Student: 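One structure, pasted below without further comment.
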Protein chains: 2
Amino acid sequence: MPLPQTEMPGRLQAHFAERGIRITQQRRAILQVMETASKHLDASQLLRKAKKIDASVDRSTVYRTLRLLKRQGLIDELDLMHLNGEKHYYERKLNRDHIHMACLRCGKIMEFVSDVFETLKGEVEKDCRFHIVVSRLEIGGYCASCSK
Amino acid sequence: MPLPQTEMPGRLQAHFAERGIRITQQRRAILQVMETASKHLDASQLLRKAKKIDASVDRSTVYRTLRLLKRQGLIDELDLMHLNGEKHYYERKLNRDHIHMACLRCGKIMEFVSDVFETLKGEVEKDCRFHIVVSRLEIGGYCASCSK
DNA sequence: GCTATTGTCGCAACTGGTCGCAACTGCAAT
DNA sequence: ATTGCAGTTGCGACCAGTTGCGACAATAGC
Ligand SMILES: [Mn+2]
Ligand SMILES: [Mn+2]
Ligand SMILES: [Zn+2]
Ligand SMILES: [Zn+2]
């Protein structure tokens, strides 16, 4: 089962500079956390980690920076089936979209890259004349070990 | 006061009866709203409409009933790309899954049924040995009239 | 119909995400 | 280096969703 290829250690901060977006102390801390994160951070985890780098970082700034990163297409927002409450999860956008699967029993999160998914998106673009910017496929169910 | 109990119960209420789930005045009101809704209600709209049928319905009961309906597989929960804040939208689960597309410019929501989507889910079940219970594909982008 | 059982409800307190505002700061022009 | 200012921040108030609890009401059994 194919896994998503990890992006080069590219810099979120570089994207900001290129697009003339102001780089503040707080944003630097938040971006650094997002860069180095093992995936799927939620907002409060992100806040806690960013505070370790710059203690002045406030909750609102985390949410505002997440919104900015989303608008810039640099991160994806996930529900992961809301297995643990309503919160959302964030991960750096990779070269290729991937599907997320969440096991409703053990809570494991799996990722899957598929050509059929690409085909499906192509179909939507053609049949609906819809120009896709972002797409998100999340599946809930039972993983191999839990479905026995 | 709630409507008379002799009123023709909808499918949701029938499902509750079959499964031995207690049918209360408040739930009857909420189910009735979900049955007759043109789609994609959010929680506060649902609360407002349900209160018109039974004024005693409380916010918590709406959320608890939504959770119950989700667990029973009777409704789907959608983000619709969080075009209007973080809230979630709900719709009755239909015979066949469909994709949701949201236009980032005009806000229009479109639905699309695709065999390729079914193929993709089949692939996930087979390749990942994952038993799918619920799936949700949401796409953000620009509709035909907005992408010119 | 009446009562006992137990699931559900409304309420109020709490948590997590948002927003308006005044203070601050990154950055670029001098 | 200094200055000027738009963009950004922390803060506090606010709003939406959750939870624990005592009161209540839907059902089953009499
Ligand atoms: Mn969501
Ligand atoms: Mn992922
Ligand atoms: Zn599992
Ligand atoms: Zn549009």
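In what follows, every chain begins at residue 1, and chains take the letters A, B, ... in the order their sequences are listed. Every value quoted in this text rests on a predicted model; they were computed, and no experiment measured them.
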Student: For Ser60(B), report the nucleic acid contact type (base, sugar-phosphate, nothing); a contact means any heavy atom under 4.0 Å.
Tutor: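 The residue Ser60(B) makes base contact.
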Student: Compare every heavy atom of Val113(B) with every heavy atom of Arg96(B), then report the nearest pair and how far apart it is.
Tutor: NH1-CG1, 3.5 Å
Student: Working to the nearest 0.5 angstrom, can you tell me the gap between Leu104(B) CG and Met81(B) CE?
Tutor: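 Output value for this atom pair is 7.0 Å.
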Student: Here's a test of your reading of the structure: between Ile23(B) and Asp58(B), which maps to the more 5' nucleotide of DNA chain D?
Tutor: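 Nearest nucleotide further toward 5': that of Asp58(B).
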Student: How many whole angstroms separate atom CD of Gln25(B) from atom C1' of dG10(C)?
Tutor: 13 Å
Student: Should the side chain of Arg64(B) and the base of dG20(D) be counted as holding a donor-acceptor pair, with the cut-off at 3.5 Å?
Tutor: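 Result: at least one qualifying N/O pair found.
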Student: Once you round it to whole Å, what is the distance between P of dC19(C) and CG of Asn84(B)?
Tutor: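 After rounding, the reported distance stands at 11 Å.
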Student: Can you check whether Thr24(A) has a side-chain N or O nearer than 4.0 Å to OP1 or OP2 of dT25(C)?
Tutor: no
Student: Which residue lies toward the 5' end of DNA chain C, Arg27(B) or Ile21(A), if each is placed at its nearest nucleotide?
Tutor: Arg27(B)
Student: Taking atom P of dC24(C) as reference, at what distance in whole Å does atom CG of Asp54(A) sit?
Tutor: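 Checked: the CG to P distance equals 16 Å.
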Student: For the pair made of NZ in Lys51(A) and C1' in dG10(D), what is the distance, rounded to whole Å?
Tutor: 10 Å
Student: Can you tell which of dT18(C), dC21(C), dT27(D) lies closest to the side chain of Arg22(B)?
Tutor: dT27(D)
Student: For the hydrophobic clusters of this structure (ILVMFWY residues joined by side-chain heavy atoms under 4.5 Å, transitively), does one cluster hold both Leu78(A) and Ile75(A)?
Tutor: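 They do not share one cluster, since no chain of ILVMFWY contacts under 4.5 Å joins Leu78(A) to Ile75(A).
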Student: As a quick check of understanding, evaluate salt bridge (charged side-chain N to carboxylate O under 4.0 Å, His left out) for Arg28(B) and Asp54(B), giving each step before the final call.
Tutor: CA-CA 9 Å; Arg28(B) 209 178 339 255; Asp54(B) 177 350; over 6 Å; no
Student: Roughly how many Å is it from CD in Gln45(B) to P in dC15(D), rounded to a whole number?
Tutor: 18 Å
Student: Side-chain N or O of Ser56(A) versus OP1/OP2 of dT9(D): is the shortest distance under 4.0 Å?
Tutor: no
Student: Just by distance, no angles: are the side chains of Glu123(A) and Ser114(B) close enough, under 3.5 Å, to form a donor-acceptor pair?
Tutor: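 Ser114(B) and Glu123(A) do have a side-chain donor-acceptor pair below 3.5 Å.
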Student: CD of Glu86(A) versus C1' of dT19(D): gap in Å, rounded?
Tutor: 14 Å
Student: Counting only side-chain N and O atoms of Gln26(A), is one of them less than 4.0 Å from OP1 or OP2 of dG26(C)?
Tutor: no
Student: With a 4.0 Å limit, can you tell me whether Arg67(A) has a side-chain N or O closer than that to the phosphate oxygens OP1/OP2 of dC19(C)?
Tutor: yes
Student: Nearest-Å distance, CZ (Arg28(A)) to P (dG7(D))?
Tutor: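 Taking atom P of dG7(D) as the reference, CZ of Arg28(A) is at 19 Å.
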Student: Return the value, rounded to whole Å, for the distance between atom CG of Leu68(B) and atom P of dT19(D).
Tutor: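 Taking CG of Leu68(B) and P of dT19(D), I get 15 Å after rounding.
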